*Asks:* 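Following this message is one structure expressed as C-alpha cells.
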Amino acid sequence: MSQDPPDRAVPLLEMRKVNAHYGAVHALRDVNLSIYAGELVCLLGGNASGKSTTLKTLLGMLTPTSGEVVLDGEVVNGRPTSYLVARGVTMVPENRRLFKRLTVRENLQLGAYLRKDSDAVASDLERVFELFPRVKERLGQKAGTLSGGEQQMVAIGRALMSQPRVLLMDEPSMGLAPTLVQQNFELISQIHEAGMTVFMVEQNANMALGIADRGWVLQTGRVVLDDTAEALLANPALRTSYLGGGKDDSDSS
C-alpha cells in the first residue's frame, strides 16, 4: 500500500496521470508521482522502464500526450526547460556532462546563467565551497582533468548554483568507481540534510533506498510499487526483481 509523506502540504512537483509517447511507443502510462518539499525520493526500474522519460517530462524536455505536470500548483505542460529551471527545477545529468575544456569555476558559473542577482550568486558559490571544499581547491583546473568523484561534486555544485527548489538526479552513481559510490551517496544525503528536495533516478536500488524517504518502481511505463523506502527494501517482489544482482539497469527510454 502506498505510504503518504508526513507533510500533507501541496506537492512541490508532481505528475498526474501522465501518459507520454515516442511516436507509436507508449513510454509512460498514467503515471502519478508527488514530490514534497524537503523529501529525498527515488525512482527505480529495469531497462526501458520509463525512468529517463519521467525525468525528461518533469524537466519540460518532453510534453505529455495526456495528464499534467504540476510545479507548486501550476500546470507546466509545454513550458520550455528554461522556464522550469527559472522556477527552480534543475537536473544533475547522467555521467555529469561537464564542459571538460572549461575550468571548474566556469562550469559552476554556467549553473547561474539565468540569474541576475550577482551578490546572491557569490553567496551561493561560497555555500558550494562549504559543501565541497575539494571543488574550491580545483577552481582553475580543467573539468576534464578531475577524478570521477570530483566531477560529480562539480556537477552537483553547478546545479545548486541555479538556486533549485528541487534537484533531479539521473543515475548519479553511473560511471563512478565502486570505491566512490558510497561517497557519492553520502554527498547526496548531505545535500538533502541541508534542506534540498531531491528526486533521484538510480540503478543502485539498495543504495538509493538506503538514503531515500520514499520510492516508486516503474515497469514498462507504469508505477507498480509506491511505498516508503524502508517498506520497499523489505518487499520480497522488489528484492527478487531489482535488489538481487546489483546489475546495471540503465534506462534507454
Side-chain angles (χ1 to χ4, degrees), residues 12-13 35-41 55 58-61 71-72 76 79-177 180-202 211:
L12 178 55
L13 183 63
I35 304 164
Y36 291 80
E39 284 193 304
L40 194 168
V41 292
L55 282 176
L58 287 172
L59 201 57
M61 299 167 67
L71 174 59
D72 202 18
V76 291
R79 291 285 194 176
T81 298
S82 58
Y83 178 84
L84 292 168
V85 171
R87 293 272 282 117
V89 183
T90 303
M91 184 163 74
V92 179
E94 178 184 331
N95 290 323
R96 296 162 289 282
R97 297 184 189 174
L98 297 177
F99 292 92
K100 295 185 177 180
R101 295 185 180 181
L102 299 182
T103 66
V104 168
R105 182 186 293 277
E106 289 166 335
N107 272 276
L108 292 173
Q109 289 171 338
L110 285 171
Y113 78 101
L114 288 177
R115 298 176 59 182
K116 308 298 183 186
D117 50 341
S118 57
D119 289 344
V121 167
S123 178
D124 286 342
L125 187 60
E126 288 301 319
R127 290 193 186 97
V128 170
F129 295 157
E130 289 174 10
L131 278 170
F132 308 127
R134 184 74 60 85
V135 169
K136 187 173 185 179
E137 297 171 5
R138 301 288 191 268
L139 276 180
Q141 195 167 324
K142 301 291 186 185
T145 66
L146 302 178
S147 70
E150 290 168 342
Q151 288 189 22
Q152 182 73 330
M153 292 178 194
V154 176
I156 295 172
R158 180 180 61 184
L160 294 176
M161 288 301 297
S162 71
Q163 277 194 327
R165 301 172 67 199
V166 57
L167 190 64
L168 311 180
M169 306 193 76
D170 189 4
E171 305 282 7
S173 71
M174 182 172 285
L176 292 179
L180 293 175
V181 171
Q182 178 68 40
Q183 176 189 346
N184 179 61
F185 281 95
E186 289 173 358
L187 291 174
I188 296 169
S189 184
Q190 182 180 356
I191 293 164
H192 171 237
E193 289 170 3
M196 180 58 58
T197 304
V198 180
F199 176 76
M200 172 175 51
V201 165
E202 174 54 50
I211 64 171

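These figures come from a predicted structure and were not determined experimentally.
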*Asks:* To the nearest 0.5 Å, how far apart are OG1 in Thr145 and CZ in Arg101?
*Replies:* 13.5 Å
*Asks:* Are side-chain heavy atoms of Phe199 and Leu167 found at a separation under 4.5 Å?
*Replies:* no
*Asks:* Nearest 0.5 Å, what's the CG-CG distance between Asn107 and Leu102?
*Replies:* 5.5 Å
*Asks:* Can you list everything that forms a side chain to side chain contact (heavy atoms under 4.5 Å, CB included) with Leu187? Sequence neighbours excluded, please.
*Replies:* Phe132, Met153, Gln190
*Asks:* Side chain to side chain contact (heavy atoms under 4.5 Å, CB included) with Leu168: which of Val92, Val89, Val198?
*Replies:* Val89
*Asks:* Could you check whether any side-chain heavy atom of Met169 comes within less than 4.5 Å of a side-chain heavy atom of Val201, counting everything from C-beta outward?
*Replies:* no
*Asks:* Could you go step by step and tell me if Tyr36 and Leu12 meet the side chain to side chain contact (heavy atoms under 4.5 Å, CB included) rule?
*Replies:* CA-CA 5 Å; Tyr36 291 80; Leu12 178 55; over 6 Å; no
*Asks:* Checking Glu137 now: which residues fulfil side chain to side chain contact (heavy atoms under 4.5 Å, CB included) with it, not counting sequence neighbours?
*Replies:* Arg134
*Asks:* Rounded to the nearest 0.5 Å, how far apart are CG of Leu55 and CG of Asp170?
*Replies:* 5.0 Å
*Asks:* List the atom of Thr197, the atom of Gly38, and the distance in Å for their closest heavy-atom pair.
*Replies:* OG1-N, 2.7 Å
*Asks:* Roughly how far, to the nearest 0.5 Å, is CD of Gln109 from OG1 of Thr103?
*Replies:* 7.0 Å
*Asks:* Looking only at non-hydrogen atoms, find the nearest pair between Ala159 and Pro164 and report the distance.
*Replies:* O-CD, 3.4 Å
*Asks:* Give me the atom names and distance for the closest heavy-atom approach of Gln152 to Pro172.
*Replies:* NE2-O, 2.8 Å
*Asks:* Going through the checks in order, is the side chain to side chain contact (heavy atoms under 4.5 Å, CB included) test met by Leu59 and Thr90?
*Replies:* CA-CA 8 Å; Leu59 201 57; Thr90 303; over 6 Å; no
*Asks:* Who passes side chain to side chain contact (heavy atoms under 4.5 Å, CB included) against Asp117, sequence neighbours left out?
*Replies:* Arg115, Ala120, Val121, Gln163
*Asks:* Looking at His192 and Glu39, what are the two nearest heavy atoms and their distance?
*Replies:* NE2-C, 3.6 Å
*Asks:* Which pair of heavy atoms, one from Lys142 and one from Lys100, lies closest together, and at what distance?
*Replies:* CB-O, 3.7 Å
*Asks:* Are Leu160 and Asp124 close enough, and set up right, to give a side chain to side chain contact (heavy atoms under 4.5 Å, CB included), and what steps lead you there?
*Replies:* CA-CA 8 Å; Leu160 294 176; Asp124 286 342; over 6 Å; no
*Asks:* Show the numbers, then the answer: is there a side chain to side chain contact (heavy atoms under 4.5 Å, CB included) between Met200 and Ile211?
*Replies:* CA-CA 11 Å; Met200 172 175 51; Ile211 64 171; 4.2 Å; yes
*Asks:* Any chance you could measure Thr81, atom OG1, to Leu58, atom CG, to the nearest 0.5 Å?
*Replies:* 11.0 Å
*Asks:* What pair of heavy atoms forms the shortest contact from Asp72 to Arg87, and how long is it?
*Replies:* CB-NH2, 4.4 Å
*Asks:* Nearest 0.5 Å, what's the CG-CZ distance between Leu139 and Arg105?
*Replies:* 4.5 Å
*Asks:* Heavy-atom distance under 4.5 Å between the side chains of Val135 and Glu150, does that happen here?
*Replies:* no
